[in-house]
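Take a look at the structure set out below.
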Amino acid sequence: MEKEKEKSRHSARLTVSPSSSQFFEGDFVSLSCEEDDSSAGWTLRRNTTEGQRTQCGDGWGKPAGSFCKIRYMYPWDDGVYWCESREGPISNMVNLTVTGGSVILQSPVLPVMEGDDVTLLCKTKTTPSNLPAAFYKDGSLIRKQPTGHMTIQHVSRSDEGLYKCDISGHGESPSSWITVTVCVVVLLVLLVLLVRRCVHRTPDEVKQLRGEARIRMMMGLSWLSINLGDAGWLSGGRMSSARSIY
């Protein structure tokens with residue numbers, strides 16, 4: 001019983017293969033609920049225009065252990081997907097877009113860590129994926145690339161936004177939201193350094209430093225709350241505002 005309670009505290013993560021948030025109609029997609037200890041007890045669900053909180057095997061997808069395989073993606077498979085346990089906890093959510101068009105933008109499915117490099121790929125369905133492409137963020141042109149891919153180096157929160165691409169003569173991709181998250185380690189390092197400053201100080205100095213540490217800690221926690229809240233780790237960016245689970 002205790003083991004079951006402990007297991008319920010663990011969170012699963014939803015992975016998508018191939019790793020992309022956009023797909024062509026007819027593509028094959030494999031979804032998986034992964035957990036550190038076990039994948040048992042997790043159900044893959046989705047919200048689409050066809051239904052709310054429907055699970056894999058209930059009119060869509062084919063369950064295979066911890067996997068859910070969609071052998072042919074249709075435009076009505078467009079929606080929000082997540083893993084959910086019997087006890088209630090849910091995994092990260094991913095927003096999958098299925099298009100009947102001829103161009104997609106391959107971008108990270110999950111939030112990316114601040115400081116990482118991110119590569120975007122503009123693909124067509126029938127021709128080579130190295131055609132010249134134009135990339136846009138929030139409706140504005142970023143740059144044109146001769147080989148159909150663009151790398152954003154050392155991403156920051158300012159790189160967060162809605163991206164799409166265009167290939168001349170083939171069309172424009174749907175838009176996908178890219179979320180950038182901050183590293184919690186930065187705050188922890190700051191707190192450790194503040195603690196170390198208190199060593200070998202007089203009582204008055206320690207009292208003053210404690211006051212400073214308390215203020216900086218509150219500022220750090222506020223900053224962390226704002227950044228992680230805006231990042232929408234569980235909601236995958238803005239998708240939770242677009243589609244409610246319940």
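This structure is a prediction, so every number in the text was calculated from the model and none was measured.
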Intermediate values then yes/no, side chain to side chain contact (heavy atoms under 4.5 Å, CB included), Arg45 and Trp82:
CA-CA 6 Å; Arg45 296 184 181 276; Trp82 72 94; 3.9 Å; yes
According to the disulfide (SG to SG under 2.5 Å) rule, which pairs have a member within residues 90-134, sequence neighbours left out?
Cys122-Cys165
Quick one, Leu120 and Leu105 - any side-chain contact, counting heavy atoms below 4.5 Å?
yes
Answer yes or no: is there a donor N or O on one side and an acceptor on the other, between the side chain of Asp78 and the main chain of Val98, under 3.5 Å?
yes
Just to verify, what does Glu172 make a side chain to side chain donor-acceptor pair (under 3.5 Å) with, not counting sequence neighbours?
Lys164
Could you work out the complete set of other residues in the hydrophobic cluster of Tyr136, with links drawn between I, L, V, M, F, W and Y side chains under 4.5 Å apart?
Leu141
Test of understanding: with side-chain contact (heavy atoms from CB on, under 4.5 Å), list the residues that count as partners of Thr147, not counting sequence neighbours.
His149
Working note: Thr99 + Ile104, criterion side chain to side chain contact (heavy atoms under 4.5 Å, CB included); need CA distance, chi angles, decisive distance, verdict.
CA-CA 8 Å; Thr99 178; Ile104 62 171; 3.5 Å; yes
With the 4.5 Å side-chain cut-off for hydrophobic clustering, are Val112 and Ile152 part of the same group?
yes
Please check if atom NZ in Lys69 has more than 12 non-hydrogen atoms from other residues, nucleotides or ligands closer than 6.0 Å.
no
With a 4.5 Å heavy-atom cut-off, do Val103 and Lys123 have their side chains touching?
no
Residue pairs involving residues 89-110 (criterion salt bridge (charged side-chain N to carboxylate O under 4.0 Å, His left out); sequence neighbours excluded)
none
Taking only residues two or more places apart in sequence, or in another chain, which ones meet Ser176 in a side chain to side chain donor-acceptor pair (under 3.5 Å)?
Ser21, Gln22
State the CE-CG distance between Met150 and Leu121, to the nearest 0.5 angstrom.
11.0 Å
Any pair with a residue in residues 67-115 that passes disulfide (SG to SG under 2.5 Å), sequence neighbours left out, goes on the list, sorted by first then second residue, please.
Cys33-Cys83, Cys56-Cys68
One should read off an interatomic distance between Arg157 CZ and Thr179 OG1, to the nearest 0.5 angstrom, of 8.5 Å
Hey, does Ser102 have a side-chain heavy atom less than 4.5 Å from the side chain of Thr126?
no
Can you name the nearest heavy-atom pair linking Val182 to Glu114, along with the distance?
CG1-OE1, 3.5 Å
Any chance you could measure Asn130, atom CG, to Thr124, atom OG1, to the nearest 0.5 Å?
9.0 Å
Verify, without hydrogens or angle tests, whether Gln106 (side chain) and Ser20 (backbone) share a donor-acceptor contact under 3.5 angstrom.
no
If you measure from OG1 on Thr48 to CZ on Arg53, what distance do you get to the nearest 0.5 Å?
13.5 Å
Spell out, as yes or no, whether a donor-acceptor pair under 3.5 Å connects the side chain of Lys62 to the backbone of Arg71.
no
Taking ring pair (Phe, Tyr, Trp, His ring centres under 6.0 Å) as the cut-off, I'd like each qualifying pair that reaches into residues 49-77, sequence neighbours left out, listed once.
Trp60-Tyr81, Tyr72-Tyr74, Tyr74-Trp76
With sequence neighbours left out, write down each residue that passes side chain to side chain donor-acceptor pair (under 3.5 Å) with His170, or none if nothing qualifies.
none
So how far is it from Asn92 CG to Thr15 OG1, rounded to the nearest 0.5 Å?
9.0 Å
Quick test of your reading: applying salt bridge (charged side-chain N to carboxylate O under 4.0 Å, His left out), list the pairs with at least one residue in residues 129-153, sequence neighbours left out, ordered by first then second residue.
none
Check whether any side-chain heavy atom of Tyr163 sits under 4.5 Å from a side-chain heavy atom of Val118, and report yes or no.
no
With Val16 via side-chain contact (heavy atoms from CB on, under 4.5 Å) - residues at least two apart:
Phe23, Val29, Leu31, Val94, Leu96, Val109
Distance, nearest 0.5 Å, that separates CG of Leu44 from CZ of Arg46
9.5 Å
Would you please name every residue forming a side chain to side chain donor-acceptor pair (under 3.5 Å) with Ser17, sequence neighbours left out?
none
